[in-house]
S.K.: 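Next up is a structure, given as structure tokens.
Order of the sequence lines fixes the chain letters, A, B, ..., with proteins taken first and strands second; residue numbering starts at 1 for each chain.
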Number of protein chains: 2
Amino acid sequence: MKLSPWEIEARFRRHAVRLTRQRVAIYAALVNDASHPTADELYRTVKRQHPMMSRNTVYCTLGALRQAGLVQEVNVGHEVARFDGNVTVHHHLICRVCGRIVDVMDEELNRLAISSRQAEGFHVLGYRIEFYGYCADCQQARPDVLEHCG
Amino acid sequence: MKLSPWEIEARFRRHAVRLTRQRVAIYAALVNDASHPTADELYRTVKRQHPMMSRNTVYCTLGALRQAGLVQEVNVGHEVARFDGNVTVHHHLICRVCGRIVDVMDEELNRLAISSRQAEGFHVLGYRIEFYGYCADCQQARPDVLEHCG
DNA sequence: GACTAGACAGGAATGATTCCTACATAGCAT
DNA sequence: ATGCTATGTAGGAATCATTCCTGTCTAGTC
């Protein structure tokens with residue numbers, strides 16, 4: 001999704017996010033990239049246009065945008081944090097082999113309820129579903145399980 | 001759930017997991033603890049009985065048990081890895097304030113299907129649902145959002 | 001145009017996890 | 001039972017994503 005500069009500006013103002021060149025560049029890079037990039041991937045992308053950009057700025061910006069509700073963090077297993085510029089309610093499909101993450105937007109999946117007996121007094125705000133399996137490209141491949149211990 | 005030593009031994013043999021004092025101690029500690037402890041919490045628990053225990057052994061054992069299918073890893077946001085000795089299909093309810101994780105076992109939630117149009121050729125093996133909200137004890141409390149950047 | 005709270009760059013610090021190595025032992029075969 | 005060998009263990013070093021720190025800069029406002 002290609003976002004115009006003024007649309008980004010409008011979103012920042014609407015969410016009371018301070019407008020800086022760096023933040024706009026980072027947000028644009030994230031929204032243009034459907035692959036759920038890591039902080040470091042965004043850093044390297046944005047650095048091409050802003051050679052002085054610091055890694056710290058990327059982390060701070062992602063933190064600020066997340067708090068503002070313009071960005072969400074996606075975590076797969078215990079791997080490096082990934083980010084998603086799509087903040088509409090949706091879920092994810094994750095390949096066990098290559099780690100690819102695909103968005104799943106299905107109204108059917110947005111109506112789940114938890115029985116109050118199970119909720120144990122919890123006030124449930126929402127939920128996240130992670131489907132896992134093998135993507136089209138990796139059906140043949142087997143996950144490389146190599147863990148070293150001694 | 002209190003597990004007898006011979007039941008643990010049987011499970012290890014059934015899953016071809018090499019039987020050592022350390023592994024039994026770690027597995028017993030995990031199964032007895034419904035709070036989804038971290039590797040370090042398990043380490044400190046087990047260390048009381050086995051003062052020579054190394055942290056590395058805890059990590060290796062959890063890795064081996066996970067590969068054997070006796071243990072699963074639960075990840076909340078980008079926090080420290082947590083472990084669950086309950087490997088039956090179930091989901092989690094997570095408190096945004098205190099981080100408490102509660103198991104949700106609800107047959108209704110185990111029948112989700114994803115439309116093939118959305119699946120994009122994925123071979124879906126399973127899924128995991130994380131409900132998030134405020135637990136009974138934390139309904140009043142507000143999540144402490146304090147992020148420092150400069 | 002000047003002020004000030006907040007953002008930026010650069011680098012140091014943190015800390016969970018992994019890697020390395022020498023020693024110990026479980027499980028199997030004899 | 002005894003010895004063999006692959007695997008596990010203890011301890012400590014190394015890794016590396018993320019956070020913290022500090023001085024400088026700048027967006028937003030008056």
S.K.: Apply side-chain contact (heavy atoms from CB on, under 4.5 Å) to B/Val89 and list each qualifying residue two or more places apart in sequence or on a separate chain.
M.R.: B/Asn110
S.K.: What side chain to side chain donor-acceptor pair (under 3.5 Å) pairs are there with at least one residue in residues 9-19 of chain A, not counting sequence neighbours?
M.R.: A/Glu7-A/Arg11, A/Glu9-A/Arg13, A/Arg11-A/Tyr27
S.K.: Verify the contact: side-chain N or O of A/His78 to OP1 or OP2 of C/dA16, cut-off strictly under 4.0 Å; return yes or no.
M.R.: no
S.K.: What parts of residues 37-53 of chain A reach DNA chain C, counting only heavy atoms under 4.0 Å away?
M.R.: A/Met52, A/Met53
S.K.: Go through the structure and list residues passing salt bridge (Lys or Arg N to Asp or Glu O under 4.0 Å) with A/Arg55, not counting sequence neighbours.
M.R.: A/Asp40
S.K.: My understanding is that a hydrophobic cluster links ILVMFWY residues whose side chain heavy atoms are under 4.5 Å apart, including indirect links. Using that, what else belongs to the cluster containing B/Val76?
M.R.: B/Val74, B/Ile94, B/Ile101
S.K.: Check whether any side-chain N or O of B/Ser54 sits under 4.0 Å from OP1 or OP2 of D/dT9, and answer yes or no.
M.R.: no
S.K.: Looking only at side-chain N and O atoms, does A/Arg23 come under 4.0 Å of OP1 or OP2 in C/dA7?
M.R.: yes
S.K.: If a pair satisfies ring-ring contact (aromatic ring centres under 6.0 Å, His included) and one of its residues is in residues 29-51 of chain A, list it, with sequence neighbours excluded.
M.R.: A/His36-A/His92
S.K.: List the residues meeting salt bridge (Lys or Arg N to Asp or Glu O under 4.0 Å) with A/Glu41, not counting sequence neighbours, and say none if there are none.
M.R.: A/Arg82
S.K.: Note down the inter-axis angle between the two ends of the helix from C/dG1-D/dC30 to C/dT30-D/dA1, five pairs each, to the nearest 10°.
M.R.: 40°
S.K.: Could you give all pairs that pass the salt bridge (Lys or Arg N to Asp or Glu O under 4.0 Å) test and reach residues 69-80 of chain B, with sequence neighbours left out?
M.R.: B/Arg66-B/Glu73
S.K.: Looking at residues 11-20 of chain A, who's got a heavy atom less than 4.0 Å off DNA chain C?
M.R.: A/Arg18, A/Thr20
S.K.: With DNA chain D as reference, determine whether A/Arg21 or A/Val80 sits nearer its 5' end, using the nearest nucleotide of each.
M.R.: A/Val80
S.K.: Hey, does the side chain of A/Asn32 reach the backbone of A/Ala28 with a donor-acceptor pair shorter than 3.5 angstrom?
M.R.: yes
S.K.: Do A/Ser54 and A/Asn56 meet the criterion of a side-chain donor-acceptor pair at a distance under 3.5 Å?
M.R.: no
S.K.: What residue pairs, at least two apart or across chains, pass salt bridge (Lys or Arg N to Asp or Glu O under 4.0 Å) with a residue in residues 83-95 of chain B?
M.R.: none
S.K.: Would you kindly give the OH-to-P distance between A/Tyr27 and C/dA7, to the nearest whole Å?
M.R.: 17 Å
S.K.: Give a yes/no answer on whether the side chain of A/Tyr59 brings an N or O atom under 4.0 Å of OP1 or OP2 in D/dT19.
M.R.: no
S.K.: A/Asn75 has an atom CG; how far is it from atom P of D/dA17, in whole Å?
M.R.: 15 Å
S.K.: According to salt bridge (Lys or Arg N to Asp or Glu O under 4.0 Å), who are the partners of B/Arg128, at least two apart in sequence or on a separate chain?
M.R.: none
S.K.: Under 4.0 Å: is that the gap between some side-chain N or O of B/Gln22 and OP1 or OP2 of C/dT25?
M.R.: no
